[in-house]
Structure formats: structure tokens, C-alpha cells
Amino acid sequence: MKVNNIKVLMTKDGSHTLLNIALNESYHAHNGALSESKYVYIQAGLMTQLALKKQLNIVEVGFGTGLNTILTLAEAIKQNATIHYTSIEPVPLSLALIEQLNYGQWLTPKLAELYLAIHQAPWEQDVAITANFVLHKYRGEFEQFEFVGQQTDLIYFDAFAPNKQPEIWQLANMQKCAQLLVADGMLVSYCANGQFKRNLKAAGLIVKPYPGALGRREMTRAYQQVVKY
């Protein structure tokens with residue numbers, strides 16, 4: 001189904017993704033939207049940080065469908081962790097479009113309610129989705145967002161690919177990410193583009209190879225300092 005140049009697609013693991021028709025770019029891997037998010041952002045990102053501490057500040061570049069957000073919330077509930085989650089999105093999706101996605105099939109009824117609450121939450125303010133999970137959705141570009149006095153334990157860098165949205169992957173934004181991260185902080189991304197990794201290194205982060213999801217050779221994990229993950 002197509003709505004305002006956005007098309008709902010089925011991926012190979014049975015979960016939906018969206019296709020931005022203007023950019024000819026999907027929001028997730030065609031081999032599996034749910035599987036990719038779980039592997040890249042939860043397994044390779046969130047779980048490693050929760051092994052260090054149970055209270056995290058997380059920044060997500062690219063709110064999109066909110067899939068990373070609800071998977072993070074699900075893990076926070078499971079591990080009794082406290083999370084402040086800031087998600088940045090320049091072009092929010094309509095609730096009508098979100099309601100077409102089939103993620104509820106993989107969520108408990110309670111998590112399905114929380115997924116809806118995530119999308120209904122107002123923008124530009126802290127909203128307690130649960131007692132231990134505070135969400136702040138920012139409508140705008142990463143370049144314009146000001147992190148006043150805030151440092152971050154984990155960054156999900158989940159923007160459209162560098163060949164589709166090159167401006168978001170530039171060195172200045174990697175420098176901003178490096179400034180945001182605490183000493184043992186980490187950035188994770190599905191992307192393993194060479195220039196992206198060189199920009200991360202130029203920003204002072206330590207980039208280590210990590211196996212990619214769903215047949216991809218690599219993804220990216222970058223650290224503020226060497227930590228034994």
C-alpha cells in the first residue's frame with residue numbers, strides 16, 4: 001500500500017518496512033526489518049551497554065517507524081533498566097501509516113500498547129512512556145538539535161544510506177556524536193561505508209569491525225575509548 005510517497009513492504013522475516021519512493025530507499029533491510037533492528041541496535045548496541053550499567057542515555061538518529069524504540073523499551077523492561085531515549089526525525093510518519101505496520105504480531109499486547117503510545121507522544125518534550133523509560137522526540141535535523149549539558153551512553157545512527165542522504169554522514173556530525181558520547185560510550189549503525197568509518201576516526205572515535213546483519217559483511221561499532229566488549 002502506498003501513502004504520500006511511502007509504500008509498505010514485506011521483508012523476508014515477515015515484518016514490514018517502508019519504502020521512501022522519492023529516494024528509492026527502504027527504512028530497513030529487505031532481508032528482515034525486525035531481525036536487522038534486533039541484531040544491529042539491540043544485540044550489538046544496547047546489550048553491550050546494559051552489561052556495563054542499567055541506566056542509559058540513548059540518542060537515535062532516525063526515529064522512522066519507531067521499531068528501534070519499542071525494541072529498546074522491551075529490553076529495558078526485561079532488564080529493569082532506566083533509559084532516557086532521545087530520537088531525532090526530520091520527517092515524521094503519520095499515525096495512519098504506522099497503524100498499517102505488522103509489528104504488533106511480534107509484540108505482547110502490553111508492548112503493542114506502548115508502541116502506539118510512543119507514536120502518540122508529543123514532540124519536543126520528555127514523555128514517560130513507562131516509569132523507567134522517558135522518550136523525547138525531536139522533529140528536525142540532527143545538525144540543528146542542541147544537546148545542552150547532555151552526554152550519551154549509546155547512539156543509534158540509523159539514517160538513510162550515505163548515497164541517499166549524504167549530508168547526515170558528514171564529518172561535522174560525527175564530531176558532534178563524539179562530543180556527545182561518555183567515556184565508555186558507543187555508536188552503532190547498520191552502515192559500514194568506508195567514508196563514514198573514516199569520518200568517525202577523524203572525529204576521534206575508535207572504529208572496530210563487527211559482523212553485519214542478515215548476510216551483510218559488516219556493520220559499524222565505534223567507541224569513545226577502548227572498552228572490552
Side-chain angles (χ1 to χ4, degrees), residues 11 13-18 27-29 32-89 92-93 95 97-138 147 150-158 180-182 184-190 210 213-214 219 221 227 229:
T11 64
D13 68 0
S15 61
H16 280 152
T17 189
L18 298 174
Y27 281 64
H28 308 94
L34 184 65
S35 299
E36 179 188 41
S37 287
K38 283 184 173 181
Y39 179 87
V40 173
Y41 300 104
I42 305 307
Q43 179 182 327
L46 180 65
M47 298 298 288
T48 58
Q49 293 302 85
L50 285 177
L52 299 176
K53 47 193 167 185
K54 298 299 184 185
Q55 184 168 343
L56 299 176
N57 287 328
I58 297 175
V59 170
E60 177 183 43
V61 181
F63 178 64
T65 65
L67 183 55
N68 294 336
T69 312
I70 191 59
L71 293 176
T72 301
L73 174 53
E75 194 61 40
I77 292 171
K78 187 186 300 183
Q79 297 207 30
N80 194 30
T82 299
I83 292 178
H84 187 282
Y85 193 102
T86 300
S87 193
I88 300 164
E89 177 58 59
L93 299 167
L95 187 59
L97 186 56
I98 291 300
E99 288 173 342
Q100 295 179 39
L101 300 174
N102 67 353
Y103 301 151
Q105 294 178 204
W106 287 271
L107 301 173
T108 65
K110 180 59 178 177
L111 284 172
E113 290 180 13
L114 293 174
Y115 180 64
L116 184 60
I118 284 167
H119 284 282
Q120 291 175 329
W123 295 75
E124 323 298 346
Q125 61 183 274
D126 285 355
V127 179
I129 304 299
T130 69
N132 292 339
F133 191 95
V134 174
L135 173 66
H136 186 112
K137 296 189 298 185
Y138 173 77
F147 297 84
Q150 177 181 341
Q151 279 199 294
T152 299
D153 302 285
L154 178 60
I155 297 173
Y156 296 162
F157 210 90
D158 198 18
L180 276 171
L181 288 172
V182 297
D184 57 1
M186 178 169 64
L187 177 149
V188 290
S189 178
Y190 71 91
Y210 194 83
L214 308 174
M219 56 167 277
R221 298 207 302 182
V227 179
Y229 288 103

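Each residue takes its place number in the sequence, starting with 1.
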Apply side chain to side chain contact (heavy atoms under 4.5 Å, CB included) to the pair Ser189 and Val40, showing each step before the final yes or no.
CA-CA 7 Å; Ser189 178; Val40 173; 5.8 Å; no
Would you say that Leu71 contacts Leu34 through its side chain, given a criterion of any heavy-atom pair below 4.5 Å between the two side chains?
yes
Kindly assign one of parallel, tilted or perpendicular to the pair Tyr156 and Tyr85, based on the angle between their ring planes and the thresholds 30° and 60°.
perpendicular
Is there a side chain to side chain contact (heavy atoms under 4.5 Å, CB included) between Arg221 and Thr48 once you walk through the steps?
CA-CA 11 Å; Arg221 298 207 302 182; Thr48 58; 3.2 Å; yes
From the list Ile77, Leu107, Thr108, Thr69, side chain to side chain contact (heavy atoms under 4.5 Å, CB included) with Leu114 holds only for Ile77
Atom CD1 of Ile58 and atom CE of Met186: how far apart are they, to the nearest 0.5 Å?
10.0 Å
Give, for atom NE2 of His119 and atom CD1 of Ile98, the distance between the pair rounded to the nearest 0.5 Å.
4.0 Å
Could you list the residues that satisfy side-chain contact (heavy atoms from CB on, under 4.5 Å) with Leu214, not counting sequence neighbours?
Ala29, Asn31, Ser35, Glu36
Rounded to the nearest 0.5 Å, what separates atom CG in Leu73 from atom CD1 in Ile118?
5.5 Å
Donor-acceptor pair between Ser87 and Glu60 side chains, under 3.5 angstrom
yes
Any side-chain donor near an acceptor of the partner, Asp153 and Gln49, under 3.5 Å:
no
Under a 3.5 Å cutoff, is there a donor and acceptor pairing between the side chains of Asn132 and Thr130?
no
Measuring only between side-chain heavy atoms, which start at C-beta, is Leu95 closer than 4.5 Å to Gln120?
yes
On the 0 to 90° scale, with breaks at 30° and 60°, tag the Tyr103-His28 ring pair as parallel, tilted or perpendicular.
perpendicular
Taking the side chain as every heavy atom from C-beta outward, state whether Asn57 and Phe147 have any atom pair closer than 4.5 Å.
no
Between Tyr27 and His16, is the ring centre distance below 6.0 Å?
no
Should Lys53 and Val182 count as side-chain neighbours, where that means a heavy-atom distance under 4.5 Å?
yes
Check whether Thr11 reaches the backbone of Ala33 with its side chain - one donor and one acceptor, N or O, closer than 3.5 Å.
yes
Non-hydrogen side-chain atoms of Ile83 and Leu46 separated by less than 4.5 Å
yes
Taking the side chain as every heavy atom from C-beta outward, state whether Lys54 and Thr82 have any atom pair closer than 4.5 Å.
no
Stepwise, does the side chain to side chain contact (heavy atoms under 4.5 Å, CB included) test hold for Leu180 with Leu187?
CA-CA 10 Å; Leu180 276 171; Leu187 177 149; over 6 Å; no
Indicate yes or no for a side-chain donor-acceptor contact from Glu89 to the backbone of Gly64 under 3.5 Å, with no hydrogens or angles considered.
yes
